[in-house]
Amino acid sequence: MNNSDSINLNENFLEQIIKNDLSNGLDNTDLRFRFPPEPNGFLHIGHAKSICLNFGFGKTFSAPVNLRFDDTNPEKESTEFIDAIKKDITWLGFQWDSECYASDYFDQLYDWAVMLIKKGKAYVDSQSQEEISEQRGVPTSSGKKSPHRDREVIENLDLFEKMKKGHFKPGDCVLRAKIDMSSPNMHMRDPVLYRIINTSHHRTNDKWKIYPTYDWAHGQSDYIEQISHSFCTLEFEVHRELYDWFLQNIYDEGKLLPKQREFARLNLSYTIMSKRKLSELVESGLVSGWDDPRMPTISGLRRRGVPASAIIAFCEKVGVSKRENIIDFALLDFCTREILNKISYRLMVVLDPVELIIENYENDKSENLVAENNPEDESYGNREITFSKKLFIEREDFKEEANRKFFRLTLGKEVRLKNAYIIKGERVEKDAEGNISKIYCSYDPKSKSGSGSPESLRKVKGTIHWVDKNNYENISVNIYDKLFNSESPDDDKENDFKDSLNENSLKTFNNACAEKNINNVEFDKYYQFQRKGYFKLDSKKSDKIFNRTVTLRDNKKF
RNA sequence: UGGCUCAUGGUGUAACUGGCAACACGUCUGGUUUUGGUCCAGAAGAGUCUAGGUUCGAUCCCUAGUGAGCCAACCA
């Protein structure tokens, strides 16, 4: 039995719905799913949940999954987003069956609208948006009928034709379904099917002056593609009655009727998932772009160094239900570390260097030492690092005096230099401000790592990393922290979500010192800077800028 | 003056559809360890929102209440 095939021991309620339909006569070959993003922004981790869900069903039931762009609003959409979305889904490792666009169905949608008019189930309303909104009323009491509700079919047909041909300005009139102005469901109070928009569409250009609304386009697109199960998030639950009403009115005998079902969207602690708000961060320059490593976008996580497999594992662990939820970001970190621990190459890098001088080491001597590339996997092999009298160590790895919980370098105590020798702190030198500028130590020449000597086997209380001062490379390192201070910035109705932005979410170390092997790093590989966390090259262009993906798990107690 | 949905350890999901609540993250102990990582062993933490009801038996079914979310864009 293959582990990866046995992850989902418990099936979620959506899978139960599918299986139930199957046992009630639906043929397995009728199964078809879809992922329907609007191309008005980049995909985020919440979309990843939906992608894993739909494409996951595609895999478990051997059914096709369409990628459908819900491009019904040219004022907000663009091809830039289409390309980004396709890239992200591909990177996650999923393949769609057909690449579809709601805009491909505009002609069919128009014909169906005409059909509804002829059946007396749709009419052109020439009132203002304000008037329509006012008549719709409030959920707690019934609405009022539009004065145009009972226009003749011929007049409606003529008006709708003119809307299409551009005889009217935006806002002059809309096409509405004639349903029930007293329904307790606001979406059934004569919803709008078409509105006039004078904006060129990224795919149909200037062909259309009228565009279908979400409600009129989505279910019908599902129907055209013969999607068996249309899964969406909870906020669309109240749309379902309308979804079904439309389908009943256009449905052909013998064809499959798509079924909409809803699940709870994903929320991650200390970040936001609203595309509108993410877009605001990008446009205001508060982050460097949609792929800023602090963003919860798929592209941001990718740039930060989170592998696709970690995102998928995360989505599996999160589960699917109808409960409002806030997932602890620690779960994402866990999934990331679990993967990275196994696949990352180890290197030694000192982020905040202070000089260490070994007093009893020969002045001009230099030696080559051996280090493992990945203690989790021998096949990663070893590498050579150089060692000499002067080194850099991490500033925070030394304290003149420390309690016994401090396992690093102090005066008079021994500590091991990773892959090298055991040293003892002797004295420090300080600058005019009192900051430590040099640390002097002595080493035990017989304690060389891997030598097998009794001295090398001696137990010392700690091991620290280091870099040879005579042979290192200078790099820049971006350290990230959570983007927001509030656990749930989306939920704060009182304050602007930007008020809780964490000003310290990015800290850059420009003087980090890395062992020379840093020159061999590859863009598509993952690295661990030992004791400092997992790191990823920021871009293909620069080989000197690294982003910290996540820290190592930390149990220190001092 | 409404409709729909949800309610299980700190967090997220389970519970063979009625048989005294399981898994993961997190937390805490201890062991191993040349990364305070990994790995290994173990612990604490909910009696399932409340009140009734059905039943031999309720997390599960029913009723009422409470709390939370969604719905009044020509956004999706």
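Each chain gets a letter, A, B and so on, in the order the sequences are listed, and its residues count up from 1.
The one candidate from K178(A), R136(A), R149(A) that meets the salt bridge (Lys or Arg N to Asp or Glu O under 4.0 Å) condition with D190(A) is R149(A).
For the OP1/OP2 pair of G12(B) and a distance below 4.0 Å, the side-chain nitrogens and oxygens of S321(A) include no atom meeting the criterion.
Residue contacts for S133(A): at a heavy-atom cut-off of 4.0 Å it reaches the sugar-phosphate backbone alone, with no base atom in range. The residue R176(A) sits apart from the nucleic acid: no heavy atom pair falls under 4.0 Å. Residue F263(A) is out of contact with every strand shown, counting any heavy-atom pair closer than 4.0 Å. Note on E38(A): only backbone sugar-phosphate atoms sit closer than 4.0 angstrom, heavy atoms only; bases stay farther off. No engagement by K532(A) is indicated, since no non-hydrogen atom pair under 4.0 Å with the nucleic acid exists. No engagement by K461(A) is indicated, since no non-hydrogen atom pair under 4.0 Å with the nucleic acid exists. In this structure, E376(A) reaches the bases: a heavy-atom distance under 4.0 Å links it to at least one base atom across the strands shown. Within 4.0 Å (heavy atoms only), V174(A) reaches at least one base atom of the nucleic acid. Among the atoms of the strands shown, base atoms are found under 4.0 Å from some heavy atom of N341(A). Within the 4.0 angstrom heavy-atom criterion, no nucleotide atom of any strand lies near S269(A). Using a 4.0 Å heavy-atom distance criterion, G171(A) is classed as a base contact. The residue K418(A) sits close to a base: some heavy atom pair falls under 4.0 Å. T213(A) comes within contact range of the sugar-phosphate backbone alone, with a heavy-atom separation under 4.0 Å but no base atom that close. V320(A) comes within contact range of the sugar-phosphate backbone alone, with a heavy-atom separation under 4.0 Å but no base atom that close.
Regarding the sugar-base torsion, G47(B) falls in the syn class, its angle being within 90° of 0. Taking 90° from 0 as the syn/anti boundary, the base of A73(B) is oriented syn. U17(B): glycosidic angle within 90° of 0, hence syn.
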Dot-bracket summary - RNA chain B, pairs being Watson-Crick or G-U whose distances fall under 3.5 Å, with | when paired to another strand: .((((((..((((.....[..)))).(((((.......))))).....(((((..]....))))))))))).....
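Nucleotide A73(B) holds its C1' atom 16 Å from the CD atom of Q135(A), rounded to whole Å. L331(A) places its CG atom 12 Å from the P atom of A24(B), with the value rounded to the nearest Å. Taking atom CZ of F236(A) as the reference point, atom P of G69(B) lies 19 Å away to the nearest angstrom. Atoms NE2 (H465(A)) and P (G37(B)) sit 15 Å apart, rounded to a whole Å.
Below the 3.5 angstrom threshold, one finds a donor paired with an acceptor across the side chain of R408(A) and the base of G36(B). Within 3.5 Å, no donor on the side chain of R553(A) pairs with an acceptor on the base of U38(B), nor the reverse. Looking at Q528(A), its side chain comes within 3.5 Å of the base of U35(B) through a donor and an acceptor atom.
T213(A) and R195(A) share no donor-acceptor pair across their side chains, judged by distance under 3.5 Å alone.
F246(A) has its ring centre no less than 6.0 Å from the ring centre of W112(A).
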